[in-house]
Amino acid sequence: MTDFPRSNLWHASAQEQFSGAALAEDLSAELIIVGGGFTGCAAALEAARRGASVVLLEAHVIGHGGSGRNVGLVNAGLWLPPDDIIAQMGEAAGGRLIEELGQGPERVFALIEREGIACEATRAGTLHLAHAPSGVADLESRFRQGNRIGAPVQLLDAEETRRRSGSGEFHGALLDPRAGTVQPLSYCRGLARAAAAAGARIFEHAQVSEISRDGSGWQLRCNGHRLRGARLLIAINAYHEGLPAAYRPSFVTVSYSQFATAPLPDGLREKVLPGGEGCWDTALVMSSFRIDRAGRLILGGMGDAEGPARALHGDWARRKLRRVYPELGDIGFEHAWRGQIAMTRDHVPKIVRLGSSALSIFGYSGRGIAPGTVFGAAAAEALLEGTEAALPIAPIEAYSERFTRVMGGYYEAGAALTHALKPGLLG
């Protein structure tokens with residue numbers, strides 16, 4: 001069995017630094033935001049640039065949750081293919097969401113440039129890799145659907161996939177040139193820094209313990225202080241510890257773990273993902289691959305590398321790496337960490353209306369960076385302008401998932417079983 005150091009690469013390599021203030025007084029603001037991840041920080045930046053008074057409350061530190069544990073793929077769209085989204089939501093609503101999120105990477109990279117965020121932004125596209133011949137049929141379908149709606153995706157054969165990925169293990173790939181990669185924690189901290197520079201007040205170690213309506217606005221209790229806001233945004237996604245139960249989002253928790261090597265020697269670095277694309281595969285229990293600016297290979301997979309099955313997930317990571325990139329030999333993993341995904345049953349994000357002038361956003365199902373940026377900025381506009389027209393999807397009055405613990409256990413058991421088998425049987 002392999003034992004890996006439990007340390008998050010993104011904390012070790014982040015160029016952007018940010019420290020929020022300690023909440024030490026009662027405050028009021030036009031907009032109060034709970035949650036300091038991609039969604040909350042994007043909302044704070046948008047609202048502050050619009051001239052609103054903004055208070056953001058983060059229970060730990062900026063990027064503590066999924067935003068600081070993300071793979072760092074800036075994808076266009078959702079995990080679901082376009083036809084599935086339209087089948088679930090209808091032509092008009094589904095088409096609107098597809099269009100908004102198709103532009104997501106452009107908005108992310110434009111923000112990075114505008115705000116000077118040092119987050120290793122690399123817009124080289126992403127590769128959706130066919131892990132088996134059956135995966136090629138899936139990619140062919142996604143290619144046809146994408147081209148039909150105007151997405152500039154390209155279907156690559158096995159040889160071109162080998163050249164781009166540096167591995168002969170894959171049977172083809174779908175290239176999306178709109179997409180790319182970032183250092184996700186640096187991106188999140190950069191959003192927070194830009195929001196603070198625009199006038200937002202950002203507080204860390206600020207755990208909200210009470211939320212209630214206060215006349216036409218909202219009242220929160222945090223660290224013994226009262227905060228009043230005309231509008232409220234809850235943007236905590238998969239990390240809701242301590243929040244009053246009535247305001248916690250409902251979702252199935254899915255763990256995703258990552259393992260980062262030492263920087264690859266120059267000779268190998270030129271062979272492994274030479275173009276810098278970020279990758280994930282078509283396997284039922286998905287894997288991801290990417291390279292960071294220092295040349296570390298980062299392998300990701302479903303499963304909790306900090307839980308009871310951590311040895312299984314760790315051993316799988318080593319076997320998987322050797323299978324996909326045999327030339328890496330015994331290059332070791334220097335970092336291993338785990339994050340939580342908020343999975344909804346239909347894999348579509350949710351915006352829940354919490355009475356008048358308040359929204360809760362969650363359920364990105366593993367696609368946090370571009371959707372979080374888009375949804376966060378749109379929520380700020382909608383709340384401040386008093387219109388929901390800016391939102392990518394229509395808000396709903398309530399949302400509930402059933403059997404969340406059972407389903408979370410099911411996903412973890414499936415990942416552990418798959419990872420206990422030899423790579424190749426199930427991916």
Should E160 and R163 count as an ion pair when the cut-off is N to O under 4.0 Å? yes
Is it true that S288 and Y256 share a donor-acceptor pair across their side chains at a distance under 3.5 Å? yes
Can a donor-acceptor pair be found, under 3.5 Å and without considering hydrogens, that links the side chain of S167 to the backbone of V324? yes
Under a 4.5 Å cut-off applied to non-hydrogen side-chain atoms, are D315 and H419 in contact? no
Residues at least two apart in sequence or cross-chain that pass salt bridge (Lys or Arg N to Asp or Glu O under 4.0 Å) with R221, listed by chain then number, are none
Can you confirm whether R114 is buried at CZ, in the sense that more than 12 heavy atoms of other residues, nucleotides or ligands lie under 6.0 Å from that atom? yes
Can you check whether G300's main-chain N or O pairs, donor with acceptor, with Q258's side chain at less than 3.5 Å? no
With a 4.5 Å limit on heavy-atom distance, are the side chains of F109 and V182 in contact? yes
I need the single residue from W79, W280, F170 that forms a ring pair (Phe, Tyr, Trp, His ring centres under 6.0 Å) with H128. Which is it? W280
For E241, all residues meeting side chain to side chain donor-acceptor pair (under 3.5 Å), sequence neighbours excluded: H60
Heavy-atom check, side chain of H313 versus side chain of S257, under 4.5 Å: no
Derivation of the salt bridge (charged side-chain N to carboxylate O under 4.0 Å, His left out) call for R193 and E115: CA-CA 9 Å; R193 171 182 56 76; E115 304 297 344; 5.5 Å; no
Any donor-acceptor pair under 3.5 Å linking the side chain of Q88 with the backbone of G94? no
Ionic contact status for K350 with E401, cut-off 4.0 Å: no
Which is it for K271 and E327 under the salt bridge (charged side-chain N to carboxylate O under 4.0 Å, His left out) test, yes or no, and what are the steps along the way? CA-CA 10 Å; K271 297 178 182 178; E327 63 271 36; over 6 Å; no
Donor-acceptor check, side chain of T282 to backbone of G135, threshold 3.5 angstrom: yes or no? no
With I369, the side chain to side chain contact (heavy atoms under 4.5 Å, CB included) member among V71, V74, L73: V74
SG-CD1 distance between C41 and I33, expressed to the nearest 0.5 angstrom: 8.0 Å
Can you name the closest pair of heavy atoms from A380 and A43 and give their distance? CB-O, 3.4 Å
Please lay out, stage by stage, how T39 and Y364 fare under the test side-chain hydrogen bond (donor to acceptor under 3.5 Å, both in side chains). CA-CA 11 Å; T39 305; Y364 297 122; 2.7 Å; yes
Is there a side-chain contact between E334 and P263 (heavy atoms, below 4.5 Å)? yes
For E277, check side chain to side chain donor-acceptor pair (under 3.5 Å) against everything at least two apart and list the hits. R164
Identify whether NZ of Lys or CZ of Arg in R318 sits under 6.0 Å from the centre of the six-membered ring of F333 and within 45° of that ring's axis. yes
